[in-house]
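What follows is a short report on a single structure.
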2 protein chains.
Amino acid sequence: MIAPTEGELSILRVLWEAGPLTVREVNDRLNRRLLKQRSAAEPPEKPIGYTTTLKLMQVMADKGLVHRDTSARSHVYTAAAGRERTQQGLLRRFVDSTFGGSRTQLVLRALGEGNPTSAELAEIKDLIKQLEKEDRHA
Amino acid sequence: MIAPTEGELSILRVLWEAGPLTVREVNDRLNRRLLKQRSAAEPPEKPIGYTTTLKLMQVMADKGLVHRDTSARSHVYTAAAGRERTQQGLLRRFVDSTFGGSRTQLVLRALGEGNPTSAELAEIKDLIKQLEKEDRHA
DNA sequence: AAATATATACGAAAGCTTTCGTAATTGCAA
DNA sequence: TTGCAATTACGAAAGCTTTCGTATATATTT
């Protein structure tokens, strides 16, 4: 599976969240998101043009990142790969390029500087317990 | 601090590992690394041209990613920011774009699918303990 | 000294992602 | 039907990173 670019990823996020959508719907959601993000002080982000989103999604269809149903006039697009699988692929690439392939280094860095809440820590501890169980059985 | 690109990051990795170096030395190490990576079956990766590395490092100097000492004929380059700080910045950006800003999601994904060894898990558990202590005091 | 090797500087090409303008098509409304 | 709105298709421009050729300067070797 080909890795999505930054812009493609923002479209995939919308599709994962809201299911199969038309270009118009995706573009609307992307721009609504921009509006929400904008606070008074920040520079007013320019909305994404409709044909920009269209073109991007056409390219994604060519790459196989999305499937599209062309039976209706407004084509309906679906993410080709699930969120988990895509995150997994991007994570691998990121760990390789930035942490020399060491997932542990990544985790330590992520936990070390971010003030994780006790709830988050608890969730991670639970997962570690599970993993240790599996390890014992293996 | 500006985020380094993929190619720039590979140069920073060399500088972090080996300290201040000339363009020639960086280029040699990049290509030696390529040679090591290459196994018999893989397509023979093309070595990186000297002027390519030179130009990239000049651009990095312009961006402020490296400092350079031009007192000698062969300029000597140094990484401007430390490895930890740079990793931290890249991590933040990655968590935002790929995990919607949730470090916890990233950690869970990183631990979940990678068969971490018990030594790795122990290291992470230690860190969690420390963090919980700090949390109590805060 | 002359020839050779090595360095930097610099512009431009190549390759990629994103943005945009415009034409052609289709559906809908007056 | 005619006109208007919305959609796709498509090429090209803009912007960025990477690669490369070449000119120029500086050292080294013969």
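Note that the coordinates shown come from a computational prediction; the quantities given were computed from them, not determined experimentally. All chains are named by letter (A, B, ...) in the order of the sequence lines, taking the proteins before the strands, and each is independently numbered beginning at 1.
Mapping B:Thr53 and A:Leu54 onto DNA chain D by nearest heavy atom places A:Leu54 closer to the 5' end of the strand.
More than 12 heavy-atom neighbours from other residues, nucleotides or ligands sit within 6.0 angstrom of CD on B:Glu84.
Among the nucleotides C:dT18, C:dA9, C:dT8, the one closest to the side chain of B:Arg68 is C:dA9. The listed nucleotides are C:dC10, D:dG11, C:dT17; the one nearest the side chain of A:Thr5 is C:dT17. When distances run from any side-chain atom of A:Thr51 to the nucleotides C:dT19, C:dA7, C:dG21, the shortest one goes to C:dG21. For B:Ile48, whose side chain is taken as the heavy atoms from C-beta onward, the closest listed nucleotide among D:dT19, C:dT6, D:dA9 is D:dT19. Listed nucleotides C:dT18, C:dA7, C:dA9 differ in distance to A:Thr52; the shortest reach to its side chain belongs to C:dT18.
Contact annotation: A:Tyr50 side-chain N/O to D:dT8 OP1/OP2 distance is under 4.0 Å. Of the side-chain N and O atoms in B:Gln58, none sit less than 4.0 angstrom from OP1 or OP2 of C:dT8. Phosphate contact (OP1/OP2 of C:dC20, side-chain N/O of A:Lys46, threshold under 4.0 Å): present. For the pair A:Lys63 and C:dT17, the criterion of a side-chain N or O lying under 4.0 Å from OP1 or OP2 is met. B:Arg24 has a side-chain polar atom (N or O) that falls below the 4.0 Å cut-off from OP1 or OP2 of C:dA7.
With hydrogens and angles ignored, no donor-acceptor pair closer than 3.5 Å exists between the side chain of A:Arg73 and the base of D:dT8.
B:Met57 places its CE atom 15 Å from the C1' atom of C:dA9, with the value rounded to the nearest Å. Separating the NE2 atom of A:His75 from the C1' atom of C:dG27 is a distance of 13 Å, rounded to the nearest angstrom. To the nearest angstrom, P of C:dT18 lies 12 Å from CG of A:Leu30. Between A:Asp62 atom CG and D:dA9 atom P the separation is 10 Å, expressed in whole Å. In this structure, B:Glu6 places its CD atom 18 Å from P of D:dC16, rounding to the nearest Å. Per the geometry, CG belonging to A:Leu21 stands 13 Å off P belonging to D:dT7, to the nearest Å. The interatomic distance linking A:Lys55 (NZ) with C:dC16 (P) rounds to 15 Å, in whole Å. Between the P atom of C:dA7 and the OH atom of B:Tyr77 lies a distance of 12 Å, rounded to the nearest Å.
Looking at A:Asn31, A:Val26, A:Val23 one by one, the single match for side-chain contact (heavy atoms from CB on, under 4.5 Å) with A:Tyr50 turns out to be A:Val23.
Counting only heavy atoms from C-beta outward, the side chains of B:Arg103 and A:Pro116 approach each other to under 4.5 Å. In this structure the side chain of A:Leu90 reaches within 4.5 angstrom of the side chain of B:Phe94, judged on heavy atoms.
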- Message: B:Glu8 vs B:Val59, test: side-chain contact (heavy atoms from CB on, under 4.5 Å). Steps then yes/no.
- Response: CA-CA 9 Å; B:Glu8 291 166 348; B:Val59 170; 4.0 Å; yes
